[in-house]
Amino acid sequence: MRKVSIFGATGSIGQNTIDLIARDPEAYDVVALSGGRNIARLAADARRLRADVAVTADEARLEELRAALAGTGIEAAAGAAAIDEAAARPADWVMSAIVGAAGLKPGLRALEQGATLALANKESLVTAGALVMDTAARHGARILPVDSEHSAVFQALVGEDMDAVERIVITASGGAFRDWSLEQMAGATPEQAATHPNWDMGQRITIDSASMFNKALEVIETKEFFGCPHEMIEVLVHPESLVHALVGFNDGALMAHVGPPDMRHAIGYALHWPARRALPVERLDLAQIGQLTFRAPDPARYPALRLAHEVLAAGGLAGAVFNAAKERALDGFLERRIGFLQMAEVVEEVLTRLTGSQCLKNAEITLDTVQETDHLARKTAEAAMADINR
Ligand code: NAD
Ligand code: MG
C-alpha cells in the first residue's frame, strides 16, 4: 500500500484527488488530510479514507474537528504548524493543493522527508522556485507537476532532450472576460470574475484566470520547473481548453497535449507516474468538436503576462513579491476595495516600489527571506491600494 497525504484536501484539487484515491481504497494508506474551515467535509473524508490525522488550518475550529472525529481514533490537529508537522510524516506521495503562499512550507517539509510531491500549489514555484527545486534535489525527492499545462509539457517531454526544445507554449482559456472590452472589464464584479467558461476550480484561481494572473504565475512556474529561459515561454489563448500546452522542437515539430478540461487527468498522471493507468475522464470526440481555435493574448487587457516576464528578468525574490502583491490585490478586489483592472495596477506599483529594495537584491532564497519578502510585499500592496482609493 502506498502512503499518501493530501494538503488542501477540501478544495477543488483536493476533492478531485480524493475522488481518484477513493476508487481504489486497497491501494492507498492515507496518512494526513488538511483543510480550512469546512470541517464537515474534512472529517467525512478523513473517516472515509481512514486517515491517521486530519488538520484544519483554523485553530479556532480544533474542537469542532475533534468532535466530528470522536470515536474514530483519527487524530485531530489545527494551525499552520500542525500542517507542517503532518507534512513531515513519512509518505510516499504527497498532494500539495493548498491555495496561495501558505502551501510552500508543507511542500518543503514533504520534500525533506523524500516524498514524491504532486505539486498543484503553483505559488511554491513562483515564490521560491530555486529553494523548492534544490530541496527536492538535496533529498532525492521528485516533484511532479499537477497544473494542467505543466503536466502537459512534462508529458510532451518524455524521452526528449531539453536541448532540442525551442519553445514551450502554454494555453489560456481567456477566463470569464475573454470577449469583454477593457471598459467592461473595468466594471467587473467578483461574482462575474469567479465564473469560468471551461474549468471548475477554486474561487481564487478562477478570478486569476479572468485577469490572466493565473497564466502569469504559470509562466513563472514553467521557467522554474523546466529550467528554460523565460524568452522561450509563450502564452496562446485557446478558448476550447482542450490543447493544454505545446512543446516546440528544433526540427520544427510541435508536440501538443490534448485532453478534456478535467484536473483528474493531471492528478492521475502524477499519481500513477511513470505508468499510465485508466482514468475516469471523458474521451474527446474530435470529429464532433470540429475545430480548435487559437489567438495571441491582448497585452492591453492582460498586463499580468508582461509583468511575469519582468519578474523573471529581475529574478531572485521578485516572484515572491509578485505573488504576495497579487494575493493581496485579489483580496482587495474580493472586498470590493479596488476594481478588477486595478489588481494589475497594484501589483505593478508594488514591483516598482520594491525594485532596488534590499529584499529584491537579496540573492539568497530561503524560507525566511521568502516569508519576509512576502510580508513586505503585502504591506506595500496595502499602501498602494490605499493610495488608489485616496
Ligand atoms: P481551493 O480554494 O478550492 O482549495 C484550497 C484548499 O486550501 C482548501 O482545502 C482550503 O481549505 C486550503 N487553504 C486555503 N487557505 C489555506 C491556508 N492559509 N492554510 C492552509 N490551508 C489553506 O483551491 P484549488 O482550486 O483547489 O487550488 C489549489 C491549488 O492548486 C492552488 O495553488 C491553485 O493555483 C492550484 N491549481 C488548481 C487548479 C484547479 O483546477 N482548481 C488547477 C491548477 C492548479
Ligand atoms: Mg493551469
Side-chain angles (χ1 to χ4, degrees), residues 5-19 32-42 45-46 54-59 61 65 77-84 86-87 95-107 109 117-127 144-154 170-175 194 196 198-209 212-222 225 235 238 241 243-245 257 259-267 269-270 323-324 326-327 330-331 334 374:
S5 289
I6 305 167
F7 295 90
T10 55
S12 163
I13 292 286
Q15 290 291 298
N16 277 309
T17 307
I18 288 175
D19 175 79
L33 297 182
S34 89
R37 280 169 287 195
N38 190 346
I39 300 299
R41 176 84 273 148
L42 178 63
D45 286 331
V55 195
T56 163
D58 186 351
E59 288 181 34
R61 286 173 209 254
L65 180 61
I83 293 179
D84 297 342
M95 169 52 77
S96 166
I98 288 172
V99 63
L104 173 61
K105 205 165 164 194
R109 292 290 100 93
L117 188 68
L119 189 59
N121 178 267
K122 60 191 82 188
E123 295 88 348
S124 293
L125 286 173
V126 173
T127 59
L144 296 170
V146 173
D147 220 338
S148 55
E149 299 75 6
H150 305 75
S151 175
V153 172
F154 190 70
I170 60 175
T171 61
S173 67
H196 199 284
N198 306 339
W199 293 91
D200 180 14
M201 308 186 287
Q203 180 201 43
R204 297 182 72 90
I205 184 176
T206 303
I207 297 176
D208 284 348
S209 295
M212 286 232 198
F213 265 111
N214 180 49
K215 215 46 55 178
L217 296 178
E218 290 180 359
V219 167
I220 301 173
E221 187 186 4
T222 302
F225 188 80
V235 172
H238 168 49
S241 292
V243 177
H244 304 297
H257 182 287
D262 184 334
M263 285 310 293
R264 291 177 305 175
H265 170 73
I267 297 166
Y269 186 79
N323 181 68
K326 190 281 293 176
E327 287 193 25
L330 176 54
D331 293 336
L334 286 169
D374 181 279

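Order of appearance sets the numbers: ligands from 1, and atoms from 1 within every ligand. Not measured: the values here are computed from a predicted model.
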Reported CZ-to-CG distance for the pair R61 and L42, which is rounded to 0.5 angstrom: 11.5 Å
Spacing of CE belonging to M212 relative to CG belonging to L217, to within rounding of 0.5 Å: 13.0 Å
OD1 (D147) - the Mg ion (ligand 2) - OE1 (E149) angle, nearest 10°: 100°
Contact residues of ligand 1, where a non-hydrogen atom lies under 4.0 Å away: G8, A9, T10, G11, S12, I13, G35, G36, A57, I83, A97, I98, V99, A102, A120, N121, K122, E123, D147, M201, G202, I205, M263
Pair K105 + D84, salt bridge at N-O below 4.0 Å: yes
Q15-D19 side chain donor-acceptor pair, cut-off 3.5 Å: no
Exercise: do K122 and N214 side chains pair donor with acceptor under 3.5 Å: yes
Heteroatom of E218 nearest to the Mg ion (ligand 2) (N, O or S, atom name): OE2
Under 3.5 Å donor-acceptor, D208 side chain and F213 backbone: no
Parallel, tilted or perpendicular, as decided by the 30° and 60° cut-offs, for the rings of H244 and H257: tilted
